[in-house]
Amino acid sequence: MTGRRTVEEQLDRVLGAIRLVGNEALPVTDAAGRTLAAPAVAAHDIPLFDNSAMDGFAVRGADVAEASEENPVTLRVVADLPAGVALDPPLGSGEAARIMTGSPTPTDADVIVPFEDTAGGLADSLDGVTVLRAPAKPGVFVRHRGADLHAGDEVVPAGERLGPFQLAAAVAAGVAEVWVTRAPRVAVASTGSELLAPGETPTRGRIPDSNGPLLAQLVAEADAEVVLVARVPDAADAVRTVTAEATALGADVIVFTGGVSAGAYEPVRGAFDGGGQVEFSAVAMQPGKPQAFGVLDDGCVVFGLPGNPVSVAVSFEVFVRPALLAMQGRTLIHRLRSPFTADASWTPPPGRRQYLPAVVDLAARTVRPATAGGSGSHLAGGLARAHAFAIVPAEVESVAVGDVIDVMLVG
């Protein structure tokens with residue numbers, strides 16, 4: 001293991017080795033969660049045509065400019081316009097069209113009078129309507145064509161995730177197909193002869209493998225594809241075998257947990273150390289000090305994370321997730337960080353940056369440890385309560401109530 005690195009040095013090493021995965025064209029509705037490799041450009045205006053923002057009556061503004069309860073104005077209804085029709089009825093002086101929300105506004109109308117501002121409402125509005133209140137301003141309740149965007153405008157930029165809002169905007173703008181980056185294919189392998197499959201009965205010396213399910217979900221949430229979840233015993237040959245299996249499945253990334261430290265049974269070190277492809281380093285962070293990273297001859301990226309669950313969660317957030325997003329060409333690859341005020345005191349480890357599973361109160365802007373058991377990387381139970389990591393710099397010797405702490409929000 002080489003000399004201790006800073007988190008930034010290790011992350012630079014990781015990101016410097018990352019290469020983009022390929023692009024593909026997909027129907028926009030099949031591209032949810034993907035990263036745009038090229039901008040999504042509007043095929044038509046939004047709105048597509050002038051239309052009504054209210055259920056009511058399309059009228060000529062001059063006809064109702066003086067309407068009031070004391071001076072009501074009665075208009076003759078000459079058309080009925082439910083949503084979905086293409087009619088454009090002419091409106092003369094003293095005439096109106098009953099209109100529903102979203103229906104095209106007649107060319108001759110320049111204002112919409114809501115049902116609420118008329119007498120009788122829906123009950124008797126197909127022959128005539130009595131307007132009791134003048135429009136507040138010209139053009140009120142008319143949605144004008146192109147007010148949101150025009151054909152040819154960029155709806156979603158390259159490098160952005162096509163999330164629900166972005167997908168809806170693209171569809172509304174008539175985008176049928178988008179160029180997106182392929183989802184990285186990721187294999188997850190937990191090492192340890194003590195590991196049991198989830199649901200197996202634990203015995204003395206044997207524990208459930210929580211790292212596999214943890215990583216599988218974290219990988220999926222990073223918009224990558226999980227192609228393999230495996231458990232391997234503490235044997236270098238087993239690591240070599242699962243590596244071959246993962247690459248045969250086309251994995252772009254393999255994430256190992258455990259087996260990267262300096263103990264007597266470290267299968268990831270045994271499989272890769274000295275080969276020149278995977279580097280083993282000590283990083284000045286807690287948890288997550290032992291890290292392995294490299295790129296195999298076939299281009300597959302290998303991460304080796306510590307084996308304790310909190311170390312896995314932290315290491316994924318700090319190193320693996322940014323790498324997976326960078327492989328997709330994502331513009332933003334880091335979690336949101338924000339200052340919060342500590343409402344509990346704790347002592348971080350000396351000389352290492354601490355990433356402490358934490359609970360935040362968004363309203364009060366406060367943060368506290370997620371577990372009363374300290375910052376041990378084995379305290380997996382505290383992860384259930386954590387939706388953030390409190391980040392304490394290496395030079396800080398203690399955290400007191402009222403101190404301002406940088407917080408990474410993760411869920």
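- Going from atom OG of Ser190 over to atom CG of Leu195 covers 6.0 Å, rounded to the nearest 0.5 Å.
- Atom OG1 of Thr101 sits about 3.5 Å away from atom CG of Asp55, to the nearest 0.5 Å.
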Mind listing the side-chain donor-acceptor pairs of residues 158-173 below 3.5 Å, one per line with the distance, residues two or more places apart or on another chain?
| unit_1 | atom_1 | unit_2 | atom_2 | d |
| --- | --- | --- | --- | --- |
| Glu160 | OE2 | Gln166 | NE2 | 3.3 |
| Arg161 | NE | Asp223 | OD1 | 3.3 |
| Arg161 | NE | Asp223 | OD2 | 2.6 |
| Arg161 | NH2 | Asp223 | OD1 | 3.1 |
| Gln166 | OE1 | Gly163 | N | 3.1 |

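- From Ile333, atom CD1 reaches atom CG of Leu325 across 7.0 Å, with rounding to the nearest 0.5 Å.
- Between Ile405 and Ile391 there is no side-chain heavy-atom pair separated by less than 4.5 Å.
- Within the 4.5 Å cutoff, the side chain of Asp252 has no heavy atoms near those of the Cys300 side chain.
- You'll find the side chain of Ser315 stays beyond 4.5 Å of the side chain of Val320, heavy atoms only.
- Within the structure, every pair that satisfies the salt bridge (charged side-chain N to carboxylate O under 4.0 Å, His left out) test and touches residues 344-358, not counting sequence neighbours, is listed here: Glu8-Arg353.
- Side-chain atoms of Asp343 and Val367, non-hydrogen and from C-beta on, never get closer than 4.5 Å to each other.
- Remark: the Thr366 side chain and the Asp361 side chain contain no N/O donor-acceptor pair separated by less than 3.5 Å.
- Distance check, rounded to the nearest 0.5 Å: NZ of Lys289 to OG of Ser261 gives 8.0 Å.
- Remark: side-chain polar atoms of Asp403 are paired, donor with acceptor, to backbone N or O of Ala400 under 3.5 angstrom.
- In this structure, Asn211 and Pro309 have side chains that are in contact, with non-hydrogen atoms separated by less than 4.5 Å.
- With respect to Arg231 and Glu194, no salt bridge is recorded, no charged nitrogen being found less than 4.0 Å from a carboxylate O.
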**Report entry** CA sep, side-chain torsions, deciding dist, call: Arg365, Ser338, side chain to side chain donor-acceptor pair (under 3.5 Å)
**Finding:** CA-CA 9 Å; Arg365 303 290 297 179; Ser338 184; 2.4 Å; yes
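- With Asp234 contributing its side chain and Ser193 its backbone, the two residues share a donor-acceptor pair below 3.5 Å.
- Atom-to-atom distance recorded for Asp80:CG and Arg98:CZ is 4.0 Å, nearest 0.5 angstrom.
- Of the possible donor and acceptor atoms, one in the side chain of Ser52 sits under 3.5 Å from a partner among the backbone N and O of Met54.
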**Report entry** Pair Arg321-Glu221, salt bridge (Lys or Arg N to Asp or Glu O under 4.0 Å): steps then yes or no
**Finding:** CA-CA 9 Å; Arg321 183 177 184 274; Glu221 288 180 352; over 6 Å; no
Report task. Given salt bridge (Lys or Arg N to Asp or Glu O under 4.0 Å), test Arg4 with Glu9 step by step and report yes or no. Result -> CA-CA 10 Å; Arg4 186 178 295 185; Glu9 289 170 339; over 6 Å; no
Report task. Show the numbers, then the answer: is there a side chain to side chain contact (heavy atoms under 4.5 Å, CB included) between Phe280 and Phe293? Result -> CA-CA 7 Å; Phe280 293 80; Phe293 175 77; over 6 Å; no
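- Contact annotation: the side chain of Phe141 never approaches that of Val111 to less than 4.5 Å [non-hydrogen atoms, C-beta and beyond].
- With Asp148 contributing its side chain and Pro47 its backbone, the two residues share no donor-acceptor pair below 3.5 Å.
- Side-chain atoms of Asp110 come within 3.5 Å of backbone atoms of Gly61 as a donor-acceptor pair (strictly under, hydrogens ignored).
- The minimum heavy-atom distance linking Pro202 with Arg206 is given by the pair CB-O, 3.7 Å.
- A pairwise comparison of heavy atoms in Ala370 and Arg385 identifies O-NE, 2.8 Å as the closest pair.
- For the pair Leu132/Thr118, no side-chain contact is recorded, criterion being any heavy-atom separation below 4.5 Å from C-beta on.
- More than 12 heavy atoms of other shown residues, nucleotides or ligands fall within 6.0 angstrom of atom CD in Glu24.
- With a 4.5 Å cut-off on side-chain heavy atoms, Pro90 and Thr107 do not count as touching.
- Between atom OG1 of residue Thr247 and atom CG of residue Asp298 there is a gap of 5.5 Å, rounded to the nearest 0.5 Å.
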Report task. Before giving the answer on side chain to side chain contact (heavy atoms under 4.5 Å, CB included), spell out for Met285 and Gln354 the whole-Å C-alpha distance, their side-chain angles and the decisive distance to 0.1 Å. Result -> CA-CA 6 Å; Met285 61 189 292; Gln354 183 185 42; over 6 Å; no
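- A distance-only check finds a donor-acceptor pair linking the side chain of Asp209 to the backbone of Gly212 [under 3.5 Å].
- Remark: the backbone N or O of His144 is not paired with any side-chain donor or acceptor of Asn51 at under 3.5 angstrom.
- Counting only distance, with no hydrogens or angles, the side chain of Gln277 and the backbone of Leu296 share no donor-acceptor pair below 3.5 Å.
- Nearest approach of Val131 to Val113, heavy atoms of both residues: CG1-CG1, 4.0 Å.
- At most 12 heavy atoms of other shown residues, nucleotides or ligands fall within 6.0 angstrom of atom CG in Leu332.
- Of all heavy-atom pairs between Val404 and Pro339, the closest is CG1-CB, 3.7 Å.
- Leu91 and Asp108 get closest at one heavy-atom pair: N-OD2, 2.9 Å.
- Nearest approach of Asp45 to His150, heavy atoms of both residues: OD1-CA, 3.3 Å.
- Within 6.0 Å of CD on Glu397 lie no more than 12 heavy atoms contributed by other residues, nucleotides or ligands.
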Requested in this report: Apply side chain to side chain contact (heavy atoms under 4.5 Å, CB included) to Phe256 and Val242, showing your working.
Outcome: CA-CA 10 Å; Phe256 290 100; Val242 80; 3.5 Å; yes
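- Thr130 places no side-chain N or O within 3.5 Å of a backbone atom of Ala119 that could act as its donor or acceptor partner.
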Query raised in the report: Is there a side chain to side chain contact (heavy atoms under 4.5 Å, CB included) between Arg145 and Leu48 once you walk through the steps?
Result: CA-CA 5 Å; Arg145 175 175 181 166; Leu48 267 166; 5.7 Å; no
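- A distance-only check finds no donor-acceptor pair linking the side chain of Thr181 to the backbone of Asn23 [under 3.5 Å].
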